[in-house]
2 protein chains.
Amino acid sequence: MPRAKEFDEAEVLDQALELFRARGFKHTSFADLVDELGVSRQSLYDTYGDKQALYHTALKRYLDRGTDFIRRKLEEPAPVRKTLTDLFEDMISANCECGSPGCLMVNSMVELSPHDDATRALVLEHARTFENLFASRLSAAQRKGEIAKAKDPVALAQFLYHTVLGLAVASRALGDQASLRQTARLALQVLD
Amino acid sequence: MPRAKEFDEAEVLDQALELFRARGFKHTSFADLVDELGVSRQSLYDTYGDKQALYHTALKRYLDRGTDFIRRKLEEPAPVRKTLTDLFEDMISANCECGSPGCLMVNSMVELSPHDDATRALVLEHARTFENLFASRLSAAQRKGEIAKAKDPVALAQFLYHTVLGLAVASRALGDQASLRQTARLALQVLD
DNA sequence: CTCGATATGGAACGTCTGTTCTATTAAAGC
DNA sequence: GCTTTAATAGAACAGACGTTCCATATCGAG
């Protein structure tokens, strides 16, 4: 049996993720990663492949975590308005922690999606998943009489998705949490 | 008197703007600019300064054009709902033309704002201008009885601004115009 | 024609980039 | 103790990057 890894693969991946999130793909050099992760060049290549592969792995991890979080949240038995209010609040807090690096998914959509097929595929799939999860939760809310049956759950889900994108951009570039919360509150009025 | 410039300074600047818009700052090399603008390196440096200066000039031009457009539109005597509906429609069409390069301002907010003070200052000022223009138009609409007086015009303006950001991201990465229009329609329901 | 300013092509520059190679050290299992 | 695998440091690489310099050609005004 070989020697055991001396660094936690998942933990270092998360550190790389945070660097990419704060600085973007192009603005994060491999030398930056070596310096700030405390792992040698060669070990990074052996463990994660090249820079693109590392980025994609980090992005996939980020998206999966987000999907899991949303799915769990939407399964809670609370009223849909309460659930969505909490969800937006959580997202705003998460995107504004430690400065305002914004959302890795949104940053990837802007920086890489148009030129990198793998990234585009990842975010497109996530968008569909997001919309499906929300649409089915909203449909259930309609059956329970929580929101009007005349509304289109898919359109509502897409609207909420677009709202999340806007909040992520604003949190990265403007960083005013109070106005983000107010926007979330107004956005959820579409349910009324 | 010296020799006259052989290229249209404003026209070439617009071409550079489109390149930056489609590919971002880091992904657009100076060699790309030389190749695709049909102007020599030296002339570009003499006319616009270095790459950063060229980008900032292009971004400023883009923001100013956007502000002018919005200001003119909001001054029209039409009802506020009709005006905003048209405005969103125009923005969606403009952001989705020629592929989906998205919005140079939003792209700059994501790629450069956190690391480039000049860019951050430009977009922050634009955000304030946008919100002020919208807030005062909404206040006027309240005085005319077009929308309820109980609503906060500033909060509504910020909500609409955040909505625009989200639509720009979605148009760049997803490019589904139909869902963008539907989102715009739902967003404007906050006025009801 | 001449002078002054401009445009242009190409070479040159350091620097940074992502990536690979080599050599050495270190732990875990047989 | 040997083998195997992993970690590390450092050198080396070729290519791209932004930028500057130089020599030359071109046009307008005097």
Side-chain angles (χ1 to χ4, degrees), chain A residues 1-59 104 107-108 111-112 114-119, chain B residues 1-59 104 107-108 111-112 114-119:
Chain A
M1 270 297 185
R3 176 179 172 185
K5 275 198 191 300
E6 288 188 2
F7 61 92
D8 184 331
E9 194 170 325
E11 189 181 319
V12 167
L13 179 57
D14 277 335
Q15 291 176 36
L17 191 158
E18 285 307 322
L19 278 187
F20 283 134
R21 178 152 88 128
R23 304 184 195 169
F25 178 75
K26 267 262 177 182
H27 286 266
T28 308
S29 73
F30 213 90
D32 291 340
L33 294 165
V34 171
D35 289 348
E36 313 209 23
L37 306 190
V39 178
S40 73
R41 247 182 309 282
Q42 201 57 35
S43 300
L44 288 179
Y45 273 97
D46 289 344
T47 308
Y48 307 101
D50 63 11
K51 191 185 163 191
Q52 278 221 25
L54 174 56
Y55 187 91
H56 289 144
T57 306
L59 175 57
L104 182 63
N107 300 351
S108 303
E111 188 193 353
L112 297 176
H115 308 104
D116 177 26
D117 292 341
T119 297
Chain B
M1 271 292 183
R3 177 178 171 185
K5 274 198 193 299
E6 289 189 359
F7 60 93
D8 185 331
E9 194 168 326
E11 188 181 319
V12 167
L13 179 57
D14 277 334
Q15 291 177 37
L17 190 157
E18 287 306 323
L19 277 188
F20 283 134
R21 179 152 88 127
R23 306 185 193 168
F25 177 75
K26 267 259 177 183
H27 286 267
T28 308
S29 74
F30 213 92
D32 291 340
L33 294 165
V34 171
D35 289 348
E36 313 209 23
L37 306 189
V39 178
S40 73
R41 249 181 308 283
Q42 201 59 34
S43 300
L44 287 179
Y45 272 98
D46 290 344
T47 309
Y48 307 101
D50 64 12
K51 192 184 161 192
Q52 278 219 26
L54 174 55
Y55 187 92
H56 289 145
T57 306
L59 176 58
L104 182 65
N107 299 352
S108 303
E111 187 193 353
L112 298 176
H115 308 103
D116 177 25
D117 292 342
T119 297

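Below, read A as the first sequence line, B as the second, and so on, with proteins coming before strands; counting in each chain starts at 1.
B:Tyr48 has its OH atom 13 Å from the C1' atom of C:dA7, to the nearest Å. Atom CG in B:Asp32 sits about 11 Å away from atom P in D:dA16, given to the nearest Å. Taking atom CG of B:Asp8 as the reference point, atom C1' of C:dA7 lies 16 Å away to the nearest angstrom. Going from atom CG of A:Leu33 over to atom P of C:dT17 covers 11 Å, rounded to whole Å. If you take NZ of B:Lys26 and P of D:dA16, they are 16 Å apart, rounded to a whole angstrom. The nearest whole Å value for the distance from the CZ atom in A:Phe30 to the P atom in D:dA12 is 20 Å. Remark: C1' of D:dT8 and CG of A:Asp35 are 14 Å apart, rounded to the nearest angstrom. Rounding to whole angstrom units, CG of residue A:Leu37 and C1' of D:dT8 are separated by 15 Å.
B:Ser29 and B:Asp32 share a donor-acceptor pair across their side chains, judged by distance under 3.5 Å alone.
When each of C:dG9, C:dC21, C:dT19 is scored by its nearest atom to the side-chain atoms of A:Gln42, the top-ranked nucleotide is C:dC21. Listed nucleotides: D:dT8, C:dT8, C:dT20. Nearest to the side chain of A:Ser43: D:dT8. For A:Arg41, counting side-chain heavy atoms from C-beta on, the closest listed nucleotide (C:dT19, D:dC21, D:dT19) is C:dT19.
Ring geometry for A:His115 versus B:His27: interplanar angle under 30°, hence parallel rather than tilted (30 to 60°). Aromatic ring orientation, A:Phe20 versus A:Tyr55: perpendicular (interplanar angle above 60°, classes split at 30° and 60°).
At D:dT19, one or more side-chain N or O atoms of B:Tyr45 fall inside 4.0 Å of OP1 or OP2 (strictly under the cut-off).
To the nearest 0.5 Å, the span separating CG on A:Asn107 from OG1 on A:Thr119 amounts to 12.0 Å.
Toward the 5' end of DNA chain C, the nearer of the two residues A:Thr28 and B:Val39, judged by each one's closest nucleotide, is B:Val39.
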